[in-house]
2 protein chains.
Amino acid sequence: MRVPRHVVEARRSRLTELLLERGYLPISELCEELGVSEATARRDLSALESEERITRTYGGALGEFNATFTSFRERLRHDTEAKGGIARAAASLVKPGMKVYLDAGTTAFAIAQELRRHLPERLTIITNNLALLETLGTLPGAKTIVLGGQLLERQSVLLGNEAVKAATAQEIDLAFLSAQGMTDTGLWNSQRDIIRLQHAVMKRAGRSCFCLDRSKLGRTAPEHLGAWTRVGTLISDLSLPELRQAGITLKPGTLLPTHP
Amino acid sequence: MRVPRHVVEARRSRLTELLLERGYLPISELCEELGVSEATARRDLSALESEERITRTYGGALGEFNATFTSFRERLRHDTEAKGGIARAAASLVKPGMKVYLDAGTTAFAIAQELRRHLPERLTIITNNLALLETLGTLPGAKTIVLGGQLLERQSVLLGNEAVKAATAQEIDLAFLSAQGMTDTGLWNSQRDIIRLQHAVMKRAGRSCFCLDRSKLGRTAPEHLGAWTRVGTLISDLSLPELRQAGITLKPGTLLPTHP
DNA sequence: TCATAAATGATTGACCTCGATCATATCAGA
DNA sequence: TCTGATATGATCGAGGTCAATCATTTATGA
């Protein structure tokens, strides 16, 4: 029996809401909850999946409450080799008792995962990156401080005046920062608010490590983050000759190569 | 071929890590990733499930990346009737353009879900409750501000000096607060840090609404939150006579009954 | 009003998942 | 060293899931 269009839409919204609330539901429960046959439930799932509003699994479906966060995982999975090497190098700098800042971006995610594997004692982690919290929330013996701020839609980062103000009140031993591009004139990032926060963090940090893989070489972005003189340490899978070829000359000891 | 115990343990840790990273994995990918047969993968899954470290689904498994957050959903699902009524009453107070504070607790979660359904324009939502972000992050046209602070293990709340300081810098029209218990002497909550933050919020808020369902009546908690004179509005499924019977007398207009 | 398009539920067959069972290999403890 | 316990992979049957198809009903729009 055909049913009006708006009813279909309403049921599908309800389905996504349900999945958003419950995380995962098997087909059988979906049918019961929506009061439709299995066939219709499947049809709804296909439709919503093709709109990328949910994720189907064999036997059920997942809500994209991940949508905010999994995009991260997705991106992370792309160039894991480089990111992993950078993360291992970064983690090797972290010593017991340190206060470490992790900023936005997938590299920070990789570093957090690496720290989860080899966790120094009495660590304090400061971040504005919500995607890390799932990873960091369960670290035993570590303290996690989140800088406040405004939640960016579609991102999982907190930014704005609140974040900058909160950052200036922190003590940081070691800051891991990232950028969207690097050229001979320095580093580039996409948003002014991100850069403002990064500047505030750099001012408070004993050591600022920028983590950029080779895909960033030669690229620019709308906003200039700073000249190379402001970079204390660069962690990258690039070599000094490669950097020099791009017109980038670093002070000796600035480049930290990635770990295997 | 039998394999040493520590190898089994290592593989199972890796499995939980994988699920934590990827959210969901079907059996087939797990086998490939771990290099074991389907049978062994299933055995690992059963073992991990009985330890409650993962959630199995038909055809795969979910990491407890929910662990931090789903416990919320779990708790929320318990007394939804009362919570839903409270949430609807609370949401009815929210008008376009308001700055609304939501604090920790499952009631705030219910309110956020209600706001998602009926979203006033140009809303600003201020919270220290991370469990809400999945819900609030995708609200179109709303602005979400997160108070910074220290991440509480096993909780999804930010607390501490940072949070209090951030709260005193906010303007709030309407604050929805909760408590663990209510008696004739006032409201009670579990932790001093939570209460400190609530006091800071109440000081900045034009109107403070406490949301407590009937299960809280007569219960106390380690810390005293405040006397009834500090309560601007009480949203509850309790009636005035029921409250009076427990020795609680409210100024007229203080009690807002739940909505059906 | 009528014809068309669309939504639904039932059915079917192919494929998949799951747990149980069994033989085998190897770890762990006596 | 020897023996029992245990991890593993293969196999199998029961039952579940899925997409496709079909008949039926009803919204939609001309």
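Numbers restart at 1 for each chain; the letters A, B, ... are given by sequence-line order, proteins then strands.
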Hey, can you pull the donor-acceptor pairs under 3.5 Å for the side chains in residues 12-19 of chain A, sequence neighbours left out?
unit_1: A:R12; atom_1: NE; unit_2: A:D44; atom_2: OD1; d: 2.7
unit_1: A:R12; atom_1: NH2; unit_2: A:D44; atom_2: OD1; d: 3.0
unit_1: A:S13; atom_1: OG; unit_2: A:E9; atom_2: O; d: 2.9
unit_1: A:R14; atom_1: NH2; unit_2: A:E33; atom_2: O; d: 2.8
unit_1: A:T16; atom_1: OG1; unit_2: A:S13; atom_2: O; d: 2.6
unit_1: A:E17; atom_1: OE2; unit_2: B:R116; atom_2: NH1; d: 3.2

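Taking atom CD on B:E38 and atom C1' on D:dA7, their separation rounds to 17 Å, with Å as the unit. In this structure, the CG atom of A:D44 is 17 Å from the P atom of D:dT17, given to the nearest Å. Rounded to an integer number of Å, the gap from CD of B:E9 to C1' of C:dA28 is 16 Å. Protein atom CG of A:L30 is 11 Å distant from nucleotide atom P of D:dT17, rounded to whole Å. Rounded to whole Å, the distance from CD1 on A:I27 to P on C:dT17 is 15 Å. Distance CD (B:E49) to C1' (C:dT17): 15 Å, rounded to an integer number of Å.
With sequence neighbours left out, the side-chain contact (heavy atoms from CB on, under 4.5 Å) criterion links A:A112 to A:L102, A:L132, A:T135, A:L136. Every salt bridge (charged side-chain N to carboxylate O under 4.0 Å, His left out) that A:R214 has, sequence neighbours left out, goes to A:D237, A:E242. Evaluation of the side chain to side chain donor-acceptor pair (under 3.5 Å) rule for A:E49 yields no partner, not counting sequence neighbours. When the side chain to side chain donor-acceptor pair (under 3.5 Å) test is applied to B:E29, the partners found at least two apart in sequence or on another chain are B:R22.
Within the 4.0 angstrom heavy-atom criterion, no nucleotide atom of any strand lies near B:S28. Counting any heavy atom pair closer than 4.0 Å across all strands shown, B:V7 reaches no nucleic acid atom.
Of the options B:N128, B:T127, B:D173, a side-chain hydrogen bond (donor to acceptor under 3.5 Å, both in side chains) to B:Y101 is made by B:N128 and by none of the others.
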What are the atom names and distances for every N/O pair under 3.5 Å that joins the protein to nucleotides 20-27 of chain C?
unit_1: C:dC27; atom_1: O2; unit_2: B:R2; atom_2: NH1; d: 2.3

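Positionally, the nearest nucleotide of DNA chain C for A:R12 lies more toward the 5' end than for the other of A:R12 and A:Y58.
When the side-chain nitrogen and oxygen atoms of A:T40 are compared with OP1 and OP2 of C:dG9, one or more of them lie within a distance under 4.0 Å.
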